[in-house]
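So you know, we letter chains A, B, ... as the sequences are listed, proteins then strands, and number each from 1.
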Amino acid sequence: MNAQIGMLPIGKFSLIFWSMLGVHAVKKSFVFVMVALIAAISVGVSAAQEMPFAGMRVVVATQTGSAIGGPVETYRGEWERMTGGTVELQQFAFGDLYQKIITAFETGTGEFDMIIYASDWSGDIMGGGYVVPIPDDIKERIDWEDILPLYRERIADWGGTTYALPFDGDSHMMYYRKDLVNPNSQYAAEFEARYGYTLDEPLTWSQYRDIAEFFHNREVETAGVVAPINGVVEAQRRNAQSYWFIISRAAGYTKIPGDPCFFFDCETMVPRVNNPGWVRALQDWVDISAFGPEDMINYDVVNVRAQFPAGNAVFGLDWGDVGPITVDPNVSVVNDLTGFGVLPGGDQYWDYNTNEWVTPESGVNQAPFIAYGGWIISVAADSDVIEAALDFAAFMADKELAAVLATTGGTGVNPLRQSQFDNIDIWVNAGFSEEAARDYLDAILSTINHPNAVLDIRIPGSAEYLDALDVGVARALSREVTPQEALDGVAAAWEQITDRRGREAQAAFYRASIGVE
Amino acid sequence: MAATTEKLSSIRPLVSEPSTGGIHEDRLIKRVFLTPAVTILLLMSIFPLLWSLGISFTNIEQGSRQIVTQNFLGLGFDVTLRNYERLLTDQRLFDVARNTLFYVIAGVTVQYTVGFGIALLLNQDFPGRTVFRVIFLLPMMMTPVATAYAGRMMFDSTFSPLAQLIRTIGSLFGEPRLTASWLTQASWAPWTIVLIDSWQWIPFMTLLLLAGLQAIPEEIYEAARVDGATPWSIFWHITFPIMLPISITAILIRSLEIFKIIDIIRITTGGGPGTATESLVMYVFNQALTFGNYSYAAAISYVLLVMVVVFSTVFLAIGRRANKRVNG
Amino acid sequence: MKKRGVIGTIALYTVLIFWAFIVLFPFYWMFTTSFKRPLDVNRIPRYIPFVDFQPITDHWQFLLVTQQEQTVRQFRNSVIAASFSSMVVVVLGSMAGYGLSRFKYYWGRLGWRNDNIAFWIISQRFLPPAVLVIPFLMIYGFLRLVDTHFGLILAYTAFNIPFAVWIMRDFFDSLPIDLEESARVDGATRTQAFLRIVIPLSTPGFVTVALFSFVFAWNEYLFALMLTNFNAITMPVYIAGQQSTRGTEWWYISALALISVAPVMLIGLFFQRYITRGLTTGALRA
């Protein structure tokens with residue numbers, strides 16, 4: 001989701017000290033930039049305006065750990081010196097953060113002025129009216145147009161108004177062992193003989209499955225060691241990230257190009273979660289367990305981030321986080337062996353209008369799922385220091401800072417600006433080879449800019465909808481019920497939630513969330 | 001045995017009669033004793049209780065905005081029974097209720113049996129008794145959050161010492177990849193959670209029961225042995241009856257606490273695999289704080305409250321009757 | 001007590017040592033984990049420092065030096081919340097327990113007598129805490145008690161009083177009433193009798209209640225999470241915070257768990273003999 005550095009530092013320094021050193025080094029260069037900036041600004045500004053927020057305290061709430069919260073802690077001093085305000089950082093475990101924020105807003109106890117939160121909560125937070133719109137001058141300050149359209153026009157937007165500043169870019173992608181999976185690989189001939197097509201980066205989920213099956217438990221060489229390898233490593237754990245991955249799979253089978261309505265019918269709010277496309281996606285996922293580690297049903301992305309770089313699997317699915325981990329020699333044996341790809345798509349998709357399978361001309365229906373959508377910054381409407389909070393938000397979402405953070409391990413910030421994709425050098429400096437950097441950035445960019453991309457459920461009650469999906473998927477994965485039964489159950493649960501919350505209102509929210517009107 | 005019970009009732013007198021004299025003083029004083037505690041309980045509970053009761057008859061949900069100002073006690077909202085209707089047809093509610101019942105029954109059984117056994121051991125006279133007594137108390141001192149993490153370390157099916165032990169045993173029988181899915185298989189996970197909870201709370205049982213055992217005067221045992229009673233019959237006819245009242249309290253307290261189990265489950269399995277380990281209070285927690293269905297969560301809680309009151313009353317009544325039958 | 005044979009003694013110690021192993025192993029494991037490099041945690045199990053892994057002190061350094069401010073603050077908050085609330089609980093709980101044991105109450109309007117009052121008091125522990133959190137937050141927001149020590153102390157006091165009342169009522173029931181009466185025959189008032197006779201005799205009971213309420217308040221998670229943000233956060237919330245999206249940082253969790261267990265253990269050790277005595281005289285009664 002965000003941790004650029006994995007959980008497994010090896011070598012002389014523990015993770016913390018390693019990343020602290022990294023952050024520290026960055027801090028110095030940033031101080032330099034800031035000093036230069038201040039000097040430049042102060043020439044034209046009167047002394048009275050130099051400390052616009054003196055005596056004001058901005059309370060920032062976000063998750064614990066160095067990821068996402070760390071940069072605030074590191075850089076708040078600069079802002080405090082510039083403006084005279086103070087920043088108090090309050091951090092909560094990721095699993096508790098949503099409850100903290102939403103309860104504080106709803107009971108009116110809120111002491112939070114600025115929140116850095118997951119964009120898929122925006123239905124409750126923006127839709128609930130708890131945060132203020134972002135004024136144009138703030139947008140200008142952070143070079144709004146440089147941010148990729150997906151983030152600035154869709155993620156940060158609710159019903160046509162911008163309520164947030166994007167802080168981090170996030171989307172699912174596929175990591176694979178380029179040394180094994182390519183047309184010139186020593187296994188290519190045997191593969192082709194068995195499956196009838198060329199061994200290469202998979203474009204569809206069926207190819208992905210075939211390759212996983214082909215390699216699972218096969219003795220292959222990784223960094224000088226010959227050992228059996230797993231076909232895949234994926235996050236299937238309940239109450240973790242598994243529902244995002246099933247959506248990623250379902251998107252390819254059920255997203256109709258040109259039709260933005262995906263989870264629900266935009267007019268009637270009838271769930272589209274139990275049609276044959278979804279069932280096939282879930283069946284695929286249940287079947288893929290056979291080609292993963294024994295414990296995969298209990299794995300979350302953290303395990304993926306440990307196992308794939310350790311060379312234990314041919315495929316790994318994750319957010320952008322595995323990328324920088326693979327170039328860390330302390331934890332990774334697959335540097336330069338890793339290929340980065342857009343998630344596979346469906347070899348056909350289910351058209352619910354005509355109730356039949358459609359085979360696209362290109363042979364693949366790609367529909368990348370912008371899972372999670374990254375961390376975003378908003379300012380609470382009931383804050384009494386809105387101006388100061390907005391100013392600090394702009395400071396944290398700054399263009400220069402984003403470039404620094406995205407290439408620094410442990411900050412949890414992934415690229416989200418065009419300038420970060422154009423500037424290969426910052427990645428090479430961070431340890432990528434130029435080819436790997438291009439490959440990595442290209443995979444992210446093609447996902448984000450894909451015309452058929454699917455956004456997360458962002459309507460009020462999203463937590464409840466996703467929990468129902470999570471339960472259904474978990475039941476199918478533990479083979480308690482068949483995929484069809486599981487998804488029928490999910491659909492029924494979704495209908496209930498919709499009815500309870502008001503069908504009309506939910507439909508309107510859903511249309512707003514995907515920009516249809 | 002008559003002498004035994006007589007002795008006992010002198011150790012544990014029933015509620016005493018107030019002494020005579022100074023009626024006015026007494027009346028004032030008895031209020032002084034009880035009032036502060038009752039006041040603080042009332043102050044802290046009356047608003048939450050009334051609010052929850054009120055809101056359970058509304059449709060207040062997250063997104064209804066500003067619950068405090070506009071929706072105080074459900075004013076400005078239609079009064080509805082839909083939350084109570086909904087819980088009658090909520091299949092998942094029944095599932096989690098069944099899981100919770102399992103935790104209570106299995107947990108209390110394990111903890112009471114093992115706790116009693118250890119209390120009996122510690123009641124013996126042997127060198128090093130104090131050391132063991134202190135060691136055996138330790139798990140209770142750990143916060144359940146940390147206990148749950150410790151449990152995950154112990155029962156991880158790849159990285160834990162236990163997993164390695166099982167692999168070793170497996171390889172003796174030619175199965176080097178043998179694993180036990182402590183927390184990953186629906187049929188095992190609830191038991192594993194009971195084990196973790198028991199590790200933490202057996203000391204509580206031991207402590208209470210040990211205190212009870214030590215209150216039994218040694219002469220009673222001596223007398224029984226003189227009469228030629230076997231250890232088994234001593235336990236069954238002397239120890240157990242004497243221990244019955246304290247056992248009832250200990251079991252009641254533990255049942256109430258296990259009934260509210262949540263921290264351990266949230267951290268070990270998150271309710272999975274499937275829904276196998278989800279508990280009632282976890283469901284209520286999610287309804288209230290994650291899904292924002294405050295009114296439905298309140299309705300569930302009220303039904304639970306009624307059930308727990310009934311259960312406790314019945315349990316205490318049965319306990320009293322059993323106590324009367326055994327101890328006369 | 002009857003003499004055990006050799007076999008009996010061996011059996012006794014075998015069982016004791018086996019159980020001590022089960023109890024202590026997780027503590028040992030957390031202790032070693034707090035000195036392991038992350039890789040030593042996440043691959044195959046490593047058991048003995050210097051033998052199968054090289055211990056490092058980075059994690060402790062991080063918590064005690066780098067993060068000193070947070071660690072100390074959270075620890076201090078826990079101490080404040082737990083000790084003040086348990087003091088209040090001991091005083092109010094004992095008073096109510098004494099009242100329920102020695103006087104006859106009759107709340108005419110409700111028709112409640114002592115047993116009903118006692119049941120009402122314990123029933124305050126019946127509702128799932130998750131439901132109470134929201135109304136609590138509302139009052140606390142209104143009274144500006146969110147994220148204050150006083151707010152947390154107040155909440156824990158209310159939670160632990162019921163339990164204290166029950167233990168103390170049973171305790172006083174078991175104290176022979178004759179002692180007080182003889183004092184009163186000598187001309188002491190009820191209050192004087194309470195202060196001079198009952199309180200000195202009740203030390204074990206007080207210690208037991210104090211320890212239990214200290215442990216409960218020290219370990220409580222949900223209310224600490226929801227009612228505090230920064231200034232008053234306690235150890236359990238801090239421990240849970242070590243699970244970030246970067247993964248579960250076992251080494252910090254282990255070290256913090258040990259830090260947070262230490263004071264309770266010391267208090268327990270110190271008062272150990274009182275506890276058993278306290279419960280011995282005040283054996284709980286249903």
Side-chain angles (χ1 to χ4, degrees), chain A residues 1-20 59 61 63-70 88-97 99-100 103-104 106-112 118 240-241 300-303 305-307 310 319 321 330-331 372 375 410 412, chain C residues 35-43 54 56-63 65-67 69-70 130 133-148 151 221-222 224-231 233 236-253:
Chain A
M1 248 171 281
N2 44 49
Q4 287 219 342
I5 185 153
M7 55 182 293
L8 295 179
I10 314 182
K12 286 186 180 168
F13 300 106
S14 78
L15 159 73
I16 284 307
F17 288 96
W18 186 87
S19 70
M20 300 228 355
V59 177
Q63 69 163 353
T64 47
S66 68
I68 305 301
E88 184 175 304
L89 176 65
Q90 304 189 347
Q91 295 178 284
F92 307 98
F94 178 70
D96 297 324
L97 183 62
Q99 285 91 339
K100 275 301 286 192
T103 317
E106 301 223 326
T107 57
T109 59
E111 300 188 346
F112 306 142
Q241 304 88 6
D300 60 16
V301 287
V302 170
N303 301 88
R305 288 168 198 175
Q307 300 274 326
W319 281 267
D321 299 67
N330 286 330
V331 289
Y372 196 75
W375 291 85
Chain C
F35 289 102
K36 283 177 191 169
R37 291 179 311 149
L39 248 181
D40 289 328
V41 178
N42 280 313
R43 282 218 184 127
Q54 198 58 39
I56 53 165
T57 54
D58 297 20
H59 311 312
W60 287 90
Q61 253 174 37
F62 178 72
L63 291 172
V65 180
T66 319
Q67 295 263 59
E69 196 193 328
Q70 276 111 310
V133 153
I134 291 167
F136 253 86
L137 260 177
M138 291 177 180
I139 318 177
Y140 272 42
F142 183 71
L143 300 175
R144 304 210 157 264
L145 287 177
V146 176
D147 204 16
T148 61
Y221 176 64
L222 182 64
L225 170 71
M226 298 309 287
L227 298 182
T228 64
N229 297 326
F230 183 75
N231 295 316
I233 277 185
V237 181
Y238 192 41
I239 294 176
Q242 304 308 315
Q243 158 98 327
S244 64
T245 39
R246 221 170 30 171
T248 311
E249 301 183 270
W250 299 109
W251 33 97
Y252 299 137
I253 289 173

Check A/Ala93 against C/Gly241 and note the closest heavy-atom contact, atom names and distance.
CB-CA, 3.9 Å
For C/Met226 and A/Gln99, which heavy atoms make the closest approach, and how far apart are they?
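Reported closest heavy-atom pair: CE-O, 3.9 Å.
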For A/Phe92, all residues meeting ring pair (Phe, Tyr, Trp, His ring centres under 6.0 Å), sequence neighbours excluded
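Here no residue qualifies.
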Using non-hydrogen atoms only, which part of A/Leu89 is less than 4.5 Å away from chain C: side chain, backbone, both, or neither?
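Backbone only.
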A/Lys100 vs C/Asn229, side-chain contact (heavy atoms from CB on, under 4.5 Å): CA-CA, chis, key distance, verdict
CA-CA 9 Å; A/Lys100 275 301 286 192; C/Asn229 297 326; 2.9 Å; yes
Counting heavy-atom pairs closer than 4.5 Å to chain C, which one of A/Leu97, A/Val59, A/Thr103 comes out on top?
A/Thr103
Specify which of C/Val237, C/Asp147, C/Leu225 makes the most heavy-atom pairs with chain A at under 4.5 Å.
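Most pairs with chain A among the choices: C/Leu225.
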Please identify each residue that fulfils side chain to side chain donor-acceptor pair (under 3.5 Å) with A/Asp96, with sequence neighbours left out.
B/Arg266, C/Tyr221
